[in-house]
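Whatever order the structure lists them in is the order used to number ligands and atoms, beginning at 1.
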Amino acid sequence: MIRADFVLRHAGQLATMVPTTTDPLGRITGGALAARQGRVVWIGPDHELEQQVELDGDQLDAAGACVMPGLVDAHTHPVFAGARADEFLERVSGTSYQAQQGDERGIPRTVRATRDADVDTLLELAQRRALRFLANGTTTIEAKTGYGLDLEQETKAFDVLRGLGRRTPLRIVPTFLGAHVVPPGVDRKAYLRTLIDEMLPAFETRAAFCDAWCDEPAFSPAETRAILSRAKALGYRLRIHAAQLAPGEGPQIAAELGASSADHLEFATPAQVRALAKAGTVAVLCPGANFTTHGPRPPIEAMREAKLPMAIAGDLNPGTSNSESLPFALSLACVNWGMTAEEVLRGATVHAARSLNLEGLAGCLRVGSFADCIVLDLETPEAIPYYLGVNRVVQTIAGGALWHPS
Ligand code: NIG
Ligand code: FE
């Protein structure tokens, strides 16, 4: 007998996201799963559970509802204070996102608000965001710093992420984004020196990844190369915000340096897409940011052709995508970009997990994976994008325990 401390029973469709020859979502009809110490120890048809599993713990009855792995959001900026609703509304009336970047507006405005907030305030805000992630079905997030932009303030952001990891069952994968933009009032060359010589070495043990934004309001290709090459030499794995607002070398740099992910990519060329696929990089697409900045559709066909894995991320941030709902991002990717339900579901699970080096652990349900799953008030997972901005997640299980919002 397999010993378990949690079981979930009577799933109508249990989508494991481990593809079979007949089903890319690897569904078990009438499924069940058992977990012990936060990991899946058994998964299969419900009628076989009792002969194989001995339970000492909680049992959850899905009552025929659909179950799938907890969603994985591979691009979020959850440590910030303040809001920029007025900028959102100006964009609706025709102002461009680029035109909003100034000393008092855009990212610098959030940098000021975040610097003015103490750790407890930021932690409280981040905790409320974590609650919304979990309620909307996300159990793992990649979480960037990037609104502190000096040694002390970025340290504060890492402290917030550590505190968040202790206070919520949401899995947090921290990324250092000191290369978000040059902070207001600081000389460009001086900032690059501090970033490369002081901040990168200081945060290597605290971050799983280093990210940089290679686009006109942020860093040039030469600057991005310098930052990310140094990060790589220090042992960071890499992510990049690339070709979000204009064509540029960002995607190439990602491929050259073997980045784990290249994100946004609206303006990536077919050659760059092929280079990314060859390098084993995952494309992390951000439909929410694309939607509110009126960006063009990313080159989805070229990505399909090159077999570049596409993750779909929520990109929670106060400027371009203030949302913790990955299901809403999936709706946008389907409707605005013509992605299929299968593509977006894999994008919010297995491909996102792969970009975080969590392949086989998060975003899928199999023996040994995290016991992170969601119960949906739906008959099939493919229906998720059909429900627009309405949360159909009824229960979230994180680390083999039912999560209770409190
Ligand atoms: O992913 N591209 C850069 N960073 C964010 C926007 C951040 C902000 O506007 O505060 C993004 O879209
Ligand atoms: Fe971002």
Side-chain angles (χ1 to χ4, degrees), residues 73-91 95-115 117 122 125 129 141-149 157 173-184 209-220 223-224 227 238-246 248 250-251 254 259-268 282-296 298 311-324 326 329 332 352 355-356:
D73 197 333
H75 183 139
T76 86
H77 305 248
V79 186
F80 66 88
R84 293 177 8 226
D86 50 349
E87 295 177 21
F88 167 85
L89 293 172
E90 279 175 16
R91 287 207 301 282
T95 307
S96 74
Y97 175 73
Q98 289 92 316
Q100 293 178 322
Q101 303 302 312
D103 266 10
E104 304 300 326
R105 300 164 42 80
I107 296 176
R109 180 175 169 197
T110 301
V111 170
R112 285 180 206 280
T114 306
R115 286 178 173 175
L122 288 171
L125 287 166
R129 291 176 189 129
I141 62 165
E142 180 266 5
K144 301 174 199 297
T145 66
Y147 291 110
L149 305 184
V173 180
T175 291
F176 174 52
L177 180 58
H180 200 180
V181 293
V182 174
F209 292 93
C210 178
D211 191 349
W213 186 12
C214 186
D215 241 321
E216 169 64 27
F219 294 92
S220 71
E223 291 164 343
T224 305
I227 298 161
L238 308 179
R239 318 185 79 75
I240 188 170
H241 284 68
Q244 176 183 9
L245 303 174
S260 301
S261 80
D263 302 36
H264 294 286
L265 298 179
E266 276 86 337
F267 290 90
V282 175
V284 175
L285 307 178
C286 301
N290 177 268
F291 182 51
T292 80
T293 58
H294 310 284
I312 302 293
D315 192 11
L316 165 68
N317 77 77
T320 60
S321 184
N322 207 333
S323 169
E324 295 88 358
L326 208 33
L332 291 176
S355 85
L356 298 177

Practice prompt. Find all atoms of ligand 1 within a distance of less than 4.0 Å from any non-hydrogen atom belonging to Gly319, and give their numbers and elements.
Written response: 8 (C), 9 (O), 10 (O)
Worksheet item: Counting from 1, what ligand 1 atoms have a heavy atom of Ile107 closer than 4.0 Å?
Response: 7 (C), 8 (C), 9 (O), 10 (O)
Worksheet item: Which of these passes side chain to side chain contact (heavy atoms under 4.5 Å, CB included) with Tyr147: Val79, Asn317, Leu177?
Response: Asn317
Worksheet item: Which atoms of ligand 1 sit under 4.0 Å from any heavy atom of Tyr97?
Response: 6 (C), 7 (C), 8 (C), 9 (O)
Item to complete: Just jot down the ligand 1 atoms closer than 4.0 angstrom to any heavy atom of Asp315, in number order.
Response: 1 (O), 11 (C), 12 (O)
Practice prompt. Report, in ascending order of atom number, the atoms of ligand 1 lying under 4.0 Å from any heavy atom of His75.
Written response: 1 (O)
Item to complete: Determine, stepwise, if the pair Asp86 / Arg109 fulfils salt bridge (Lys or Arg N to Asp or Glu O under 4.0 Å).
Response: CA-CA 12 Å; Asp86 50 349; Arg109 180 175 169 197; 3.1 Å; yes
Item to complete: Could you tell me whether some N/O pair between Thr320 and ligand 1 is separated by less than 3.5 angstrom?
Response: yes
Worksheet item: About how large, to 10 degrees, is the angle NE2 of His241, then the Fe ion (ligand 2), then NE2 of His77?
Response: 110°
Worksheet item: Can you tell me the N, O or S atom of His75 that's nearest the Fe ion (ligand 2)?
Response: NE2
Worksheet item: What atoms in ligand 1 come closer than 4.0 Å to a heavy atom of Arg84?
Response: 8 (C), 9 (O), 10 (O)
Item to complete: Check the pair Arg91 / Ser96 against side chain to side chain donor-acceptor pair (under 3.5 Å), numbers first and verdict last.
Response: CA-CA 6 Å; Arg91 287 207 301 282; Ser96 74; over 6 Å; no
Practice prompt. Please report which non-hydrogen protein atom sits nearest to atom 10 (O) of ligand 1, along with the residue it belongs to and the distance in Å to one decimal place.
Written response: Tyr147 OH, 2.6 Å
Worksheet, complete the sentence: All heavy atoms of Ala313 vs all of His75, minimum pair found to be CB-CB, 3.5 Å
Worksheet item: Nearest protein heavy atom to atom 4 (N) of ligand 1, by residue and atom, and its distance?
Response: His180 NE2, 3.0 Å
Discussion item. I need the nearest protein heavy-atom contact for atom 2 (N) of ligand 1: residue, atom name and distance, please.
Written reply: Gln244 OE1, 2.7 Å
Worksheet item: Ignoring hydrogens and geometry, is there a side-chain-to-backbone donor-acceptor pair from Asp215 to Leu245 under 3.5 Å?
Response: yes
Fill in: Residues Arg105, Arg84; criterion side chain to side chain contact (heavy atoms under 4.5 Å, CB included); working and verdict
CA-CA 9 Å; Arg105 300 164 42 80; Arg84 293 177 8 226; over 6 Å; no
Discussion item. Using the rule given for side chain to side chain donor-acceptor pair (under 3.5 Å), can you reason through Asp211 versus His241, listing the C-alpha separation, both sets of side-chain angles and the distance that settles it, and then say yes or no?
Written reply: CA-CA 7 Å; Asp211 191 349; His241 284 68; 3.1 Å; yes
Fill in: Any donor-acceptor pair under 3.5 Å from Gln101 side chain to Gly106 backbone
no
Discussion item. If I apply the N/O under 3.5 Å rule, does Thr110 come out as touching ligand 1?
Written reply: no
Discussion item. Quick check with a 6.0 Å cut-off and a 45 degree axis cone: is Arg239 positioned over the face of Phe176's six-membered ring?
Written reply: no
